[in-house]
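Following: one structure in structure tokens, then a few remarks.
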Amino acid sequence: MIPARMLAFDKAPAEIFTRGEKNLRKFFSGFDFDFSSASPFLLIFLSGGSERSAIESVAKNHFYILLAFEENNSWAAATETKAWMDQNNIDCLLADMNNAGDRTMVSLFLNTITALERLKGKKIGLIGEVSDWLIASDIERDLLVDKLGIRLEKINWNSVPDFKSLDPDPSFLEKYSYKNLGAIIEAAKVQHALSKIREVRQLDALTIECFSLVQTEGVTACLALSYFNDKGIPAGCEGDLVSMVGMMLVQAITGIIPWMANLVKVGSDLVKFAHCTAPTHLLETFDIDTHFETGKGTAVAGKFAGETITVFRLNNSLDKGFLTTGQITAKHQSPEHACRTMIEVKLSSGKINQLKNHPLGNHHLIVPGNQCETLEMACRIMGVKLIK
């Protein structure tokens with residue numbers, strides 16, 4: 001339900017609230033509203049004289065929509081309230097209930113609130129540790145709960161079933177074709193082991209410290225992670241919690257699990273992204289290759305589908321974000337000096353400057369199409385400031 005509050009002058013008659021609720025449901029019939037919430041996101045001004053009640057309902061570090069009508073001095077009250085909130089650095093937008101464009105924006109806001117609510121109670125499993133080199137990509141457990149309602153469970157590799165004792169999933173073997181059948185079978189067994197721990201621990205998403213698996217067993221999880229993503233389960237590598245939270249957020253907002261990729265190079269107008277795992281449903285074509293850094297196991301070598309993409313990244317405090325669209329100018333499978341799936345992307349000079357001079361970390365999320373409007377709204381609601 002959407003936390004909302006209808007505001008009117010003291011001792012206003014009941015019919016004002018009845019009429020206000022009727023108008024709200026007329027324009028936003030697909031949503032349920034909680035008018036008793038102590039922490040509303042949506043403030044509906046039904047009359048003048050409601051300004052004090054409005055400011056008693058707001059807090060810093062939150063984002064609000066102020067809805068105004070062309071009756072009963074609603075606009076007067078909403079305007080005064082917006083001025084006070086601006087003076088006190090409380091983020092808000094004033095929307096005209098009778099304006100179609102404003103109603104579209106409010107619908108986006110309501111849909112985004114609903115999507116963020118779906119993240120509450122979700123559980124991430126961190127198998128192993130955050131990789132040692134990801135010094136800017138760990139997130140405190142309490143911050144995840146406070147900010148998004150997501151729980152984190154840390155799982156030792158010793159708790160994961162031994163993949164060597166498991167049978168490969170036949171559907172996994174049917175999906176991937178490779179000259180080294182033994183390597184595909186081992187990858188399938190790894191996926192089976194991760195599936196078992198996901199089921200036992202009731203995980204909604206997982207990120208794994210994968211290099212220890214390569215070093216001790218000579219196998220990779222690149223295909224297993226890709227397989228999970230293709231099944232609609234956010235799964236990432238290197239124990240990167242920032243990227244995992246971003247993947248869950250993007251999926252909740254857009255319905256798409258993005259590709260988690262390394263920054264290979266930031267040039268004057270082009271950026272190169274690459275990784276050894278990628279959701280295959282985001283690729284035009286793909287082959288199987290070995291893992292780039294180690295030459296072992298299996299990896300996804302694909303060509304990313306489409307031309308327009310969105311690039312997204314959060315910081316580990318979940319209060320800053322990088323967001324932009326870009327155009328793919330080249331696609332590479334198994335490049336000589338980078339991970340197996342690679343793209344070159346043209347970005348604006350301003351965004352290039354941000355990546356070079358104010359990066360939030362290495363891994364970035366690549367989403368097909370232009371998803372900036374929805375992700376910008378999500379960031380605003382979460383109190384995430386997009387770097388400019």
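Worth knowing before you read on, the calculation uses all heavy atoms, side chains too, and leaves out hydrogens, waters and symmetry mates. Numbers for residues simply follow the sequence, beginning at 1.
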Next on the checklist: Atom NZ of residue position Lys22 - does it have more than 12 heavy atoms of other residues, nucleotides or ligands inside 6.0 Å?
Outcome noted: no

Checklist entry - Does any donor atom in the side chain of Asp169 or Ser171 lie under 3.5 Å from an acceptor atom in the other side chain? => result yes

Checklist entry - Hey, what's the ring geometry for Phe286 with Tyr176, parallel, tilted or perpendicular (30° and 60° as the breaks)? => result perpendicular

Checklist entry - Given the rule that I, L, V, M, F, W and Y join up when any side-chain heavy atoms are under 4.5 Å apart, are Leu110 and Leu66 in one cluster? => result no

Checklist entry - Just checking, any donor-acceptor pair under 3.5 angstrom between side chains of Arg5 and Ser57? => result yes

Next on the checklist: Is it the case that over 12 heavy atoms from other parts of the model lie below 6.0 angstrom from the CD atom of Glu373?
Outcome noted: no

Checklist entry - Side chains of Gln327 and Thr308: donor-acceptor distance under 3.5 Å anywhere? => result yes

Next on the checklist: With a 4.5 Å cut-off on side-chain heavy-atom distances among I, L, V, M, F, W and Y, is there a chain of contacts connecting Ile343 to Leu355?
Outcome noted: yes

Checklist entry - Going through the distances and angles, do Asp102 and Leu93 end up as a side-chain contact (heavy atoms from CB on, under 4.5 Å)? => result CA-CA 10 Å; Asp102 281 8; Leu93 287 175; over 6 Å; no

Item to check | Note, Cys210 side chain near Cys237 side chain (heavy atom, < 4.5 Å) | outcome: yes

Checklist entry - Are the side chain of Ser243 and the backbone of Asp240 linked by a donor-acceptor contact shorter than 3.5 Å? => result no

Next on the checklist: Distance alone, cut at 3.5 Å: any donor-acceptor contact between the side chains of Tyr227 and Thr280?
Outcome noted: no

Item to check | Any Lys189 side-chain heavy atom under 4.5 Å of Lys164 side chain | outcome: no

Next on the checklist: Leu206 vs Ile124, test: side-chain contact (heavy atoms from CB on, under 4.5 Å). Steps then yes/no.
Outcome noted: CA-CA 5 Å; Leu206 66 156; Ile124 297 173; over 6 Å; no

Checklist entry - Would you say Ile90 and His62 make side-chain contact, with heavy atoms under 4.5 Å? => result no

Next on the checklist: Distance check, rounded to the nearest 0.5 Å: Leu249 atom CG versus Met244 atom CE?
Outcome noted: 12.5 Å

Checklist entry - Under 3.5 Å, is there a donor-acceptor pair linking the side chains of Ser137 and Arg313? => result yes

Next on the checklist: Checking His363 against Asn262: is there a side-chain donor and acceptor pair closer than 3.5 Å?
Outcome noted: yes

Checklist entry - Taking atom CG of Asn61 as the centre, does the number of heavy atoms from other residues, nucleotides or ligands within less than 6.0 Å exceed 12? => result no

Checklist entry - Have His192 and Ser195 got a donor and an acceptor in their side chains that come within less than 3.5 Å? => result no

Item to check | Side chains of Thr112 and Arg380, donor plus acceptor under 3.5 Å | outcome: no

Checklist entry - Is there side-chain contact between Pro368 and Ile256, with heavy atoms separated by less than 4.5 Å? => result yes

Item to check | In one Ile/Leu/Val/Met/Phe/Trp/Tyr side-chain cluster, 4.5 Å: Leu282, Ile253 | outcome: yes

Checklist entry - Is the number of heavy atoms from other residues, nucleotides or ligands under 6.0 Å of Glu80 CD greater than 12? => result no

Next on the checklist: Tell me if the CG atom of Asp132 is crowded by more than 12 foreign heavy atoms within 6.0 Å.
Outcome noted: no

Checklist entry - Can you check whether His364 and Phe312 have ring centres sitting under 6.0 Å from each other? => result no

Checklist entry - Taking atom NZ of Lys175 as the centre, does the number of heavy atoms from other residues, nucleotides or ligands within less than 6.0 Å exceed 12? => result yes

Item to check | From Met377 atom CE to Met105 atom CE, the distance as rounded to the nearest 0.5 Å | outcome: 6.0 Å

Next on the checklist: Do the side chains of Lys303 and Glu284 get close enough for a salt bridge, i.e. N-O under 4.0 angstrom?
Outcome noted: no

Item to check | Centroid separation Phe63 to Phe109 less than 6.0 Å | outcome: yes

Next on the checklist: Return the CG to CG distance between Leu148 and Leu119, rounded to the nearest 0.5 Å.
Outcome noted: 6.0 Å

Next on the checklist: Just checking Glu140: does its CD atom have more than 12 heavy atoms from other residues, nucleotides or ligands closer to it than 6.0 angstrom?
Outcome noted: no

Item to check | Hphob cluster co-occupancy, Leu43 + Leu24, side-chain heavy atoms under 4.5 angstrom | outcome: no

Checklist outcome for this item: d(Ile113 CD1, Ile65 CD1) to nearest 0.5 Å is 9.0 Å

Checklist entry - Under 6.0 Å from the NZ atom of Lys147, do we count more than 12 heavy atoms belonging to anything else shown? => result yes

Next on the checklist: Does the plane of the ring in Tyr64 sit parallel, tilted or perpendicular to the ring in Phe41? Use 30° and 60° as the thresholds.
Outcome noted: tilted

Next on the checklist: So, taking the atom named CG in Leu203 and the one named CD1 in Ile155, what distance separates them when rounded to the nearest 0.5 Å?
Outcome noted: 4.5 Å

Checklist entry - Between Phe9 and Ser50, does a side-chain contact (heavy atoms from CB on, under 4.5 Å) hold up when you go through it step by step? => result CA-CA 5 Å; Phe9 61 89; Ser50 53; over 6 Å; no

Next on the checklist: Does any part of the side chain of Cys379, heavy atoms only, come nearer than 4.5 Å to the side chain of Leu386, both counted from C-beta?
Outcome noted: yes

Next on the checklist: Looking only at the aromatic ring of each residue, does the gap between the centers of Phe304 and Trp259 stay below 6.0 angstrom?
Outcome noted: yes

Checklist entry - For the hydrophobic clusters of this structure (ILVMFWY residues joined by side-chain heavy atoms under 4.5 Å, transitively), does one cluster hold both Trp133 and Leu360? => result yes

Checklist entry - From Thr207 OG1 over to Ile127 CD1, what is the distance, rounded to the nearest 0.5 angstrom? => result 8.5 Å

Checklist entry - Would a 4.5 Å heavy-atom cut-off, applied to side chains only, mark Ile44 and Leu7 as touching? => result no

